[in-house]
Trainee: 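Just dropping this structure here.
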Amino acid sequence: MILYPAIDLKDGQAVRLLRGEMDAATVFNDDPAAQAAEFVAAGCEWLHLVDLNGAFAGEPVNAAAVEAILARCDVPAQLGGGIRDMATIERWLSKGLARVILGTVAVENPALVREAARAFPGQVAVGIDARDGRVATKGWAEETDVMVTDLARSFEDAGVAAIIYTDIDRDGAMQGPNIEATAALARAVSIPVIASGGVSSLADLIALRDCGAPLDGAISGRALYDGALDLRAALDALSS
């Protein structure tokens, strides 16, 4: 199971939100590229990047910070937030991103997800963010009546590389991931599932790894910044 250190970008800084609230942001590093380099030095295999401003604006906002990370780090990175048309997808992949994450458009324009997945095999993931099993869009600001499993299953034949499932109420709260819901999703689809939201300790990671469902990875942010989770120790534990 791959551990993805998260770098959430707001106003050019690396921050973490509490349950997706933009006004509940804690700044952890005003140099995101330096933060990314720290994670790479600790041995991470991937980076998970989120353009928070972009998620609300519907277009890339923190492009300079993302490009600085890509220029400085030699591990693959995936990015979500504000990626809602083919031109933006093409632009990011041409700049060296390994994978784009499509969230809002997966609900509003699923045909784009399918088109992108065909055009860029292995480089398009679907981000599914949810409260109480229902999908939220536009930086989690809008809730829908779409159920997580229904949305995930609708992309079974689309060729997407992964589904990144975030339980919004767990995100940044340091209360542990929603293992039951994440495992249920992973069992319901053949697409690789990456867990996000609430991973706050080594025990959480081990519980996800050993949940009995085929999880491809887990994302952690605040716990790495707060020191509740040691990245090098976590990577060692997952590889053993």
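Here the structure is a predicted model, which means the values were calculated and not measured.
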Trainee: Taking D31 for its side chain and A34 for its backbone only, find out whether a donor-acceptor pair lies under 3.5 Å.
Mentor: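 The answer is yes, because a donor-acceptor pair under 3.5 Å joins these two groups.
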Trainee: Between H48 and I7, is there a side-chain heavy-atom distance shorter than 4.5 Å?
Mentor: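 I7 does not reach H48 side chain to side chain.
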Trainee: Going only through I, L, V, M, F, W and Y residues with side-chain contacts under 4.5 Å, is there a path from M1 to V189?
Mentor: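 Yes, M1 connects to V189 through the hydrophobic network.
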Trainee: Count I, L, V, M, F, W, Y as connected when their side-chain heavy atoms are under 4.5 Å apart, and connections chain through other members. Are V61 and F56 then in the same cluster?
Mentor: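 No, no single cluster joins them.
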Trainee: Rounded to the nearest 0.5 Å, what separates atom CG in L205 from atom CZ in R209?
Mentor: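 The distance works out to 9.0 Å.
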Trainee: Could you go through the side chain to side chain contact (heavy atoms under 4.5 Å, CB included) check for R232 and D236 one step at a time?
Mentor: CA-CA 6 Å; R232 195 180 299 272; D236 288 345; 4.3 Å; yes
Trainee: When the aromatic ring centroids of Y225 and F39 are compared, is their separation below 6.0 Å?
Mentor: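 Y225 vs F39: aromatic centres under 6.0 Å.
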Trainee: Run the side chain to side chain contact (heavy atoms under 4.5 Å, CB included) check on M86 and L112 step by step: do they pass?
Mentor: CA-CA 7 Å; M86 188 62 96; L112 175 66; 4.1 Å; yes
Trainee: So does R134 pair up with E143, basic N to acidic O under 4.0 Å?
Mentor: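 Result for this pair is no, no salt bridge flagged.
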Trainee: Step through the shown structure and confirm whether more than 12 heavy atoms of other residues, nucleotides or ligands are within 6.0 Å of CG on D132.
Mentor: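 Not buried by this count: 12 neighbours or fewer within 6.0 Å.
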Trainee: Using every non-hydrogen atom in the two residues, find where A152 and I191 come nearest and quote the distance to one decimal.
Mentor: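 Heavy-atom minimum between the residues: O-CD1, 3.9 Å.
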Trainee: Would L102 end up clustered with Y4 when hydrophobic side chains under 4.5 Å apart are linked, directly or stepwise?
Mentor: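 They do not share one cluster, since no chain of ILVMFWY contacts under 4.5 Å joins L102 to Y4.
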Trainee: Do W46 and L3 come close enough that some side-chain heavy atom pair is under 4.5 Å?
Mentor: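 No, too far: nothing below the 4.5 Å cut-off.
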Trainee: Treating R222 as the side-chain partner and V15 as the backbone partner, does any N or O pair qualify as donor plus acceptor under 3.5 Å?
Mentor: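 Between the backbone of V15 and the side chain of R222 there is no qualifying donor-acceptor contact (under 3.5 Å).
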Trainee: With the side chain counted from C-beta on, respond yes when I163 and L185 share a heavy-atom pair under 4.5 Å apart, and no when they do not.
Mentor: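 SC-SC contact between I163 and L185 confirmed.
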Trainee: Mind checking whether I194 and V124 sit in one hydrophobic cluster, side chains of I, L, V, M, F, W, Y counted as touching below 4.5 Å?
Mentor: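 Hydrophobic grouping puts I194 apart from V124.
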Trainee: Is there a side-chain contact between V50 and L79, using heavy atoms and a 4.5 Å cut-off?
Mentor: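 Counting from C-beta outward, V50 and L79 never come under 4.5 Å.
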Trainee: Just how far is it from atom CG of D85 to atom CD of E90, taken to the nearest 0.5 Å?
Mentor: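 Interatomic distance, D85 CG to E90 CD, rounded to 0.5 Å: 9.0 Å.
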Trainee: Only one of T182, N178, T166 clears side chain to side chain donor-acceptor pair (under 3.5 Å) with S196; which?
Mentor: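 Testing each of T182, N178, T166 against S196, the sole residue satisfying side chain to side chain donor-acceptor pair (under 3.5 Å) is T166.
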Trainee: If every non-hydrogen atom of G82 is compared with every non-hydrogen atom of T88, which pair is closest and at what distance?
Mentor: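 So the minimum-distance heavy-atom pair works out to O-CG2, 4.4 Å.
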Trainee: Between R114 and D157, does a salt bridge (charged side-chain N to carboxylate O under 4.0 Å, His left out) hold up when you go through it step by step?
Mentor: CA-CA 9 Å; R114 294 174 175 278; D157 61 347; 3.0 Å; yes
Trainee: Set out, in order, the CA-CA distance, both residues' side-chain angles and the distance that settles side chain to side chain contact (heavy atoms under 4.5 Å, CB included) for L9 and L52, then state yes or no.
Mentor: CA-CA 6 Å; L9 300 163; L52 292 172; 6.0 Å; no
Trainee: Between K95 and E67, does any side-chain N to carboxylate O distance fall below 4.0 Å?
Mentor: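 Salt bridge flag = yes for E67 with K95.
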Trainee: What heavy-atom pair brings V75 and E45 nearest, and what distance separates the two atoms?
Mentor: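 Looks like CB-O, 3.7 Å.
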Trainee: Apply side-chain hydrogen bond (donor to acceptor under 3.5 Å, both in side chains) to residues S190 and E156 and explain how you reach the verdict.
Mentor: CA-CA 7 Å; S190 61; E156 277 280 27; 2.5 Å; yes
Trainee: Is a side-chain N or O of R84 found less than 3.5 angstrom from the main chain of N109, in a donor-acceptor match?
Mentor: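 Flag not set: sc R84 to bb N109 has no pair under 3.5 Å.
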Trainee: Using a strict cut-off of less than 4.0 Å between a Lys/Arg side-chain nitrogen and an Asp/Glu carboxylate oxygen, indicate whether R131 and D167 qualify as a salt bridge.
Mentor: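 Result for this pair is no, no salt bridge flagged.
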Trainee: Where do A207 and I179 come nearest, in terms of heavy atoms and distance?
Mentor: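 For A207 versus I179, the nearest heavy atoms are CB-CD1, 3.4 Å.
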Trainee: Rounded to the nearest 0.5 Å, what's the gap from CG on D150 to OG on S154? Could you check?
Mentor: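 Answer rounded to 0.5 Å: 8.0 Å.
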Trainee: Would you say Q175 and S200 are linked by a side-chain donor-acceptor pair, where the criterion is simply a distance under 3.5 Å?
Mentor: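 Judged by distance alone, the side chains do not pair up.
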Trainee: When rounded to the nearest 0.5 angstrom, what is the spacing between CD in Q78 and CG in L47?
Mentor: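 Taking CD in Q78 and CG in L47, the distance rounds to 9.0 Å.
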Trainee: What distance separates N62 CG from D11 CG, expressed to the nearest 0.5 Å?
Mentor: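 Output value for this atom pair is 7.0 Å.
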Trainee: Is any side-chain heavy atom of S201 closer than 4.5 Å to one of L229?
Mentor: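 No - every pair of side-chain heavy atoms lies 4.5 Å or more apart.
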Trainee: Would the distance check show the side chain of D8 and the main-chain N or O of R16 forming a donor-acceptor pair, the cut-off being under 3.5 Å?
Mentor: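 It does not hold such a pair.
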Trainee: Is the side chain of S220 donor-acceptor paired with the backbone N or O of V199 at a distance under 3.5 Å, no angle test?
Mentor: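 A pair under 3.5 Å: yes.
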Trainee: Which distance, rounded to the nearest 0.5 Å, do you find between the CD1 of I206 and the CG of L238?
Mentor: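 That separation rounds to 5.5 Å.
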Trainee: Does R99 qualify as a cation-pi partner of W92, given the criterion of NZ or CZ under 6.0 Å from the six-membered ring centre and within 45 degrees of its axis?
Mentor: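 No - R99 does not lie over the ring of W92 by the 6.0 Å and 45° rule.
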Trainee: Using the side chain to side chain contact (heavy atoms under 4.5 Å, CB included) rule, take I89 and I83 through it: C-alpha gap first, then chi angles, then the decisive distance, then the call.
Mentor: CA-CA 6 Å; I89 294 167; I83 304 173; 3.6 Å; yes
Trainee: What are the two closest non-hydrogen atoms of A183 and A213, and how far apart are they?
Mentor: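 For A183 and A213, the tightest heavy-atom pair comes out as O-CB, 3.6 Å.
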Trainee: Indicate yes or no: at least one non-hydrogen side-chain atom of F120 is less than 4.5 angstrom from one of V100.
Mentor: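 When only atoms from C-beta onward are counted, V100 and F120 do not touch, as no gap falls below 4.5 Å.
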Trainee: Can you hop from V107 to V160 via hydrophobic side chains spaced under 4.5 Å?
Mentor: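 Looking at the clustering, V160 is in the same group as V107.
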Trainee: With the side chain counted from C-beta on, respond yes when L70 and L97 share a heavy-atom pair under 4.5 Å apart, and no when they do not.
Mentor: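 When only atoms from C-beta onward are counted, L97 and L70 do touch, with a gap below 4.5 Å.
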Trainee: Do the non-hydrogen side-chain atoms of L208 and C211 ever get within less than 4.5 Å of each other?
Mentor: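 Side chain of L208 against side chain of C211, heavy atoms only: no contact under 4.5 Å found.
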Trainee: Mark yes or no for whether N29, through its side chain, and P32, through its backbone, hold a donor-acceptor pair below 3.5 Å.
Mentor: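 Here the side-chain-to-backbone pair does not exist.
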Trainee: Of the non-hydrogen atoms in A117 and A158, which two are nearest, and what is the gap between them?
Mentor: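 Scanning both residues completely, I find the closest heavy atoms to be CB-O, 3.3 Å.
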